[in-house]
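All remarks here apply to the structure that follows.
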Amino acid sequence: MRRLFLSIGLFLVVLNSIASIQTVKTKAKNCEHRADSVVALMTLDEKIGQMVLLTSGADQTGPRMAVNDLEEIKAGRCGNIFNAHTVAYTRKLQEIAIEQTRLGIPLLFGFDVIHGHKTIFPISLGEAASWDMEAIEKSARIAATEAAASGLQWVFAPMVDIARDPRWGRISEGAGEDPFLGCRVAEARVHGFQDNDLSDPSTVLACVKHYAAYGAPQAGRDYSTVDMSERTLREVYLPPYKAAVDAGALSIMTSFNELDGVPSSGNPFLLKDILRKEWGFKGFVVTDYTSINEMVPHGIVANEKEAAGLAVNAGVEMDMQGSVYLKYLKQLISEGKVSEATINKAVRNILKIKFMLGLFDDPYRYCDKNREKQVVFSEENRKAAYDVACKSMVLLKNDKQVLPLAPGKSLAVIGPLADSTEDLLGSWHAAGTTEGVSSLLDNLKKSSGGKVSYAKGCDFSGNDTSGFAEALKIAEQADVVVLVLGEPCGWTGEAASRTSIDLPEIQTKLLQEIRKTNKPVVMVLMNGRPLALERETILVDAILETWYAGTSGGKAIADVLTGMYNPSGKLPVTFPRNLGQVPIFYSMKNTGRPYEKEGLEQKYRSRYIDSPNEPLFPFGFGMSYTRFGYSNLKLSSETLSKEGKLTIYVDLTNSGNYDGAEVVQLYVQDLVGSVTRPLKELKGFQKVFLKKGETRKVEFTLTEKELRFYRRDMSFGSEPGDFKVYVGGDSNATNIKGFRLKQ
Ligand code: GLC
């Protein structure tokens with residue numbers, strides 16, 4: 001009988017919510033109110049169960065903790081599951097939760113849909129290289145529709161960690177080194193995932209990660225210590241998380257690292273002061289994989305029970321895979337170390353989102369087999385992935401216009417990545433498989449119009465040169481060599497830090513041998529991090545950076561090489577000459593002894609005795625098959641008032657032989673501040689398509705708002721004084737004008 005009343009109680013709540021949700025757009029407030037009604041029906045065990053996220057047996061993305069997810073769901077000890085997907089499998093688990101638990105609260109299904117679900121798009125660093133926010137949003141939109149059609153409601157993306165150390169393998173998962181670009185990409189991805197109605201069964205809940213500053217580990221070693229000034233944290237590393245929250249992201253994932261001595265999963269400064277009080281975040285906080293447990297080895301707590309107490313009191317609401325909430329929260333409450341009010345608040349936040357997703361309306365709303373068949377891996381989605389892949393590639397060198405490859409030329413396609421399909425998918429390729437993926441070699445055979453011969457030449461690494469002879473033979477017989485080098489996709493992503501960012505020696509040796517044939521050499525790169533290519537760059541005539549281009553990447557690369565698509569990508573991260581320069585990024589400070597090559601006195605300057613200061617390829621750099629020229633840089637005024645706005649004009653001309661797109665970039669320098677300021681900061685960009693011969697006036701506006709920073713007293717604001725504006729096609733922009741910000 002009791003069960004009947006409870007079910008009637010929940011039914012009335014749900015009925016009431018269906019009525020309200022159908023009559024008004026899902027509003028967080030209404031959902032919060034209904035979530036409260038459900039919390040009121042729950043036992044403490046059931047509440048704690050909603051704060052538990054466990055991996056299904058379908059995939060593994062961290063140190064395995066042996067739990068039986070089916071049993072845990074049935075016992076009401078697990079309200080959320082990750083690494084489970086497909087309609088069939090998620091429906092099976094959902095039915096257990098709905099039909100075999102006391103209250104039938106629906107499960108939330110999450111998965112690492114980082115750059116596509118089944119249709120894989122270029123890795124996130126590659127997408128960022130497109131500087132095309134529309135394309136990035138579309139990529140996330142398609143990933144969302146495929147994930148939602150596969151029984152998922154939650155994606156552990158966007159990853160927005162700023163990264164300036166190429167040793168760190170996860171640099172591949174974000175948008176590079178710059179906060180301004182990082183913010184725009186974060187916004188585009190959240191909009192793509194969530195759109196404007198979470199109850200729409202083609203949208204998914206975004207989870208911005210990894211909060212915070214996970215991308216700055218000491219020595220570039222994954223999971224390592226992060227220690228920085230609050231000013232750097234707030235000016236460089238926090239903005240993309242805030243941009244994602246402001247764009248509406250309703251879940252956030254704490255990072256593994258400590259920050260200034262306190263691990264993120266137990267850090268109230270991050271989780272309460274900044275996230276809740278300053279930013280007004282309305283979603284829920286989930287940890288990364290067992291990161292509560294890891295506060296014991298961090299040494300901030302003595303045992304897992306203390307870790308659970310520290311985390312929940314710091315503001316962590318869901319424990320991913322650690323099971324410490326399951327084990328200790330009840331005891332901590334009975335000992336008065338955690339209040340039930342804290343639990344109620346956490347559970348309400350989680351249930352509110354489940355209401356917003358429409359899961360209480362219809363827990364099987366994401367389990368439509370027909371939709372799964374129609375939507376997942378559709379031709380249309382693979383075409384979209386092709387389009388984004390074309391836009392993500394960066395032409396780094398093109399001497400003697402070796403590219404695009406003239407039709408009919410005979411090609412020798414060589415290298416360990418030339419015929420790979422798995423590597424095209426990159427790391428974190430979710431439900432992506434090599435099904436329907438064709439290699440660059442296969443696509444060049446179809447599209448080059450000439451004879452195409454192939455030899456692998458060498459493995460990724462090692463010292464076996466037995467394949468060189470075959471490679472050299474076909475190189476001698478061909479008009480052009482297309483040499484496909486780089487890293488296997490497993491060399492970037494999680495737990496993939498490297499102490500070297502060189503190409504493996506065997507690949508460079510192969511290139512050195514091929515160079516001796518004096519044939520034109522096009523180096524095609526497949527890699528997830530900036531590589532130190534000083535030796536290789538001088539040995540080749542052209543370089544195309546393709547990252548890991550995704551399901552349709554093989555065709556996209558071939559079409560860029562043959563001129564079907566004119567490359568338009570720009571580097572979202574600096575490529576150093578060597579690891580010794582790291583960290584190196586465009587927005588560094590001038591120092592008290594800047595090194596000017598022309599200066600008379602050169603010894604006692606901030607420089608190296610064995611390397612130039614400049615990187616190999618700067619942030620924002622990328623070439624085209626056509627030529628873009630900048631002229632007539634003008635400012636609407638030489639002064640800017642606090643309330644005013646400054647317009648910056650520049651003429652962009654396509655003076656080459658191809659239609660193409662250029663990313664016009666606007667940088668600003670604050671010459672004097674109450675603290676030292678970066679040499680340049682990106683404050684705007686526009687990707688402009690021009691037909692050959694076309695000229696267009698490009699406009700930017702600046703207001704006082706864009707000039708704000710954390711001043712000497714850590715207040716956020718601008719300071720009057722002189723500024724410089726730089727406009728151009730990369731961070732070495734030389735079109736410069738000055739203006740003054742008035743009091
Ligand atoms: C991993 C990653 C995180 C991912 C999570 C779930 O350890 O750090 O990015 O979303 O676990 O797979």
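Atoms within each ligand, like the ligands themselves, are counted from 1 in listed order.
Applying the salt bridge (charged side-chain N to carboxylate O under 4.0 Å, His left out) test to pairs two or more places apart or on separate chains, those with a residue in residues 152-165 are Asp165-Arg167.
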Check each N or O atom of ligand 1 against all protein N or O atoms and list the pairs under 3.5 Å, with atom names and distances to 0.1 Å, one per line.
residue  : atom   : partner : partner atom : Å
ligand 1 : 7 (O)  : Thr61   : O            : 3.4
ligand 1 : 7 (O)  : Asp288  : OD1          : 3.4
ligand 1 : 7 (O)  : Glu494  : OE1          : 3.0
ligand 1 : 7 (O)  : Glu494  : OE2          : 3.1
ligand 1 : 8 (O)  : Arg170  : NH1          : 2.8
ligand 1 : 8 (O)  : Asp288  : OD1          : 3.3
ligand 1 : 8 (O)  : Asp288  : OD2          : 2.6
ligand 1 : 8 (O)  : Glu494  : OE1          : 3.4
ligand 1 : 9 (O)  : Arg170  : NH2          : 2.8
ligand 1 : 9 (O)  : Lys209  : NZ           : 2.8
ligand 1 : 9 (O)  : His210  : NE2          : 2.6
ligand 1 : 10 (O) : Asp112  : OD1          : 2.5
ligand 1 : 10 (O) : Lys209  : NZ           : 3.0
ligand 1 : 11 (O) : Asp288  : OD1          : 3.1
ligand 1 : 12 (O) : Thr61   : OG1          : 2.6
ligand 1 : 12 (O) : Asp112  : OD2          : 2.6

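Asp112 pairs by the salt bridge (charged side-chain N to carboxylate O under 4.0 Å, His left out) definition with Lys209, not counting sequence neighbours. By the salt bridge (charged side-chain N to carboxylate O under 4.0 Å, His left out) test, Glu306 is found to be paired with no residue, residues two or more places apart in sequence or in another chain being considered.
Side chain of Tyr89 to backbone of Gly151: no donor-acceptor contact under 3.5 angstrom is found.
Relative ring orientation between His117 and His85 is described as perpendicular, the plane-to-plane angle rising above 60° on a 0-90° scale split at 30° and 60°.
Tested against Leu53 for a side chain to side chain contact (heavy atoms under 4.5 Å, CB included), the candidates Thr287, Asp319, Leu108, Val286 yield a single pass: Val286.
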